[in-house]
Amino acid sequence: MPAVSPPPAARSATLARRPQRADGRRNYDNILAAARTAFDEGGTSASLEDIARAAGVAIGTLYGHFPTREALIEATMRDGLDQLRASADALAETENPAAALTLWFRQAVAHCSTFRGLVGLLATSSYDEGTPLHHACVAMHESCGQLLRRAQGSGHVRADLSPDDLFTMITSAAWTRENATADHDPSDRLIDLLLDAIIRTGRETSAG
């Protein structure tokens, strides 16, 4: 993926939150469930009107909970991001830092390619604090940073690699997977080549 330049001025984004009232929670949950199905089937450009209809709410109700398309996408990805961060914390305690980084790298690629079109949004949100997905990019940088530093400290990963480099590699592999076809998916091969380029001791596939 090409490098993304920081915007002239950063601004904070408000993330969607589950309401406290029962009727609000019900609508919020129904919209999220419908959005996950729609994004899984049609990618991140799926019709918001169709999502609202599938959730049994008016489009105004959808926008009341999720002011923008990206706010809705971020909310659908939040559980997966939490799992990815928890995985990084657990892998940071394993005995093989290079294998831990390898495993998390593969998990991150899978997360970034959950929906068609997601990786492009992540790439453009990486340096823009005004986008709801920016916090997801920051969390991924922090997670990969802790695993990367540990692996570099063990001498098993090239010392000049930065978290930004690693994030670019992850999104590049995710873009390849996202655009693969049933007959041709080169993403696993690309991931292997990328990992071979950074792991000093060769490719490792487990963290035990």
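No hydrogens, no waters, no symmetry mates; every other heavy atom, side chains included, goes into these values. Computed from a predicted structure; not experimentally measured.
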Any side-chain heavy atom of [X] within less than 4.5 Å of one from [Y]?
{"X": "F39", "Y": "T114", "result": "no"}
{"X": "H111", "Y": "Q83", "result": "no"}
{"X": "I170", "Y": "C112", "result": "yes"}
{"X": "M140", "Y": "R85", "result": "no"}
{"X": "T94", "Y": "R150", "result": "yes"}
{"X": "I31", "Y": "V57", "result": "yes"}
{"X": "E142", "Y": "Q146", "result": "no"}
{"X": "F115", "Y": "T76", "result": "yes"}

If you take all heavy atoms of [X] and [Y], which pair is closest and at what distance?
{"X": "L195", "Y": "F105", "result": "CD2-CG, 3.9 Å"}
{"X": "P186", "Y": "T176", "result": "CG-CG2, 3.7 Å"}
{"X": "L62", "Y": "I51", "result": "CD1-CG2, 3.9 Å"}
{"X": "R69", "Y": "A46", "result": "NH1-O, 2.6 Å"}
{"X": "W104", "Y": "S87", "result": "CD1-OG, 4.1 Å"}
{"X": "C137", "Y": "L122", "result": "SG-O, 3.2 Å"}

Decide if atom CZ of R189 counts as having more than 12 heavy atoms of other residues, nucleotides or ligands within a radius under 6.0 Å.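 No, because the 6.0 Å sphere around CZ of R189 holds 12 heavy atoms or fewer from other groups.
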Looking at [X] and [Y], would you say the former's side chain and the latter's main chain have a donor-acceptor pair under 3.5 Å?
{"X": "Q107", "Y": "L84", "result": "no"}
{"X": "T102", "Y": "A98", "result": "yes"}
{"X": "D165", "Y": "L161", "result": "no"}
{"X": "R177", "Y": "S172", "result": "no"}
{"X": "R116", "Y": "G42", "result": "yes"}

Any Lys/Arg nitrogen of [X] or [Y] sitting under 4.0 Å from an Asp/Glu carboxylate oxygen of the other?
{"X": "E49", "Y": "R53", "answer": "no"}
{"X": "D23", "Y": "R26", "answer": "no"}
{"X": "R106", "Y": "D192", "answer": "yes"}

Hphob cluster co-occupancy, [X] + [Y], side-chain heavy atoms under 4.5 angstrom:
{"X": "L147", "Y": "L81", "value": "yes"}
{"X": "I73", "Y": "I59", "value": "yes"}
{"X": "L118", "Y": "M169", "value": "no"}
{"X": "L133", "Y": "W175", "value": "no"}
{"X": "M77", "Y": "F167", "value": "no"}

Using only heavy-atom distances, determine whether the side chains of D164 and S162 contain a donor-acceptor pair under 3.5 Å.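 No, because no side-chain N or O of D164 sits under 3.5 Å from a partner of the opposite role on S162.
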Roughly how far, to the nearest 0.5 Å, is the [atom2] atom of [Y] from the [atom1] atom of [X]?
{"X": "L121", "Y": "S45", "atom1": "CG", "atom2": "OG", "value": "9.5 Å"}
{"X": "L101", "Y": "L166", "atom1": "CG", "atom2": "CG", "value": "5.5 Å"}
{"X": "N179", "Y": "S187", "atom1": "CG", "atom2": "OG", "value": "10.5 Å"}
{"X": "I198", "Y": "D160", "atom1": "CD1", "atom2": "CG", "value": "10.5 Å"}
{"X": "T171", "Y": "E178", "atom1": "OG1", "atom2": "CD", "value": "10.5 Å"}
{"X": "L72", "Y": "L32", "atom1": "CG", "atom2": "CG", "value": "6.5 Å"}

R36/D79 under side chain to side chain contact (heavy atoms under 4.5 Å, CB included): CA gap, chis, key distance, verdict: CA-CA 12 Å; R36 290 189 182 101; D79 288 346; 3.9 Å; yes
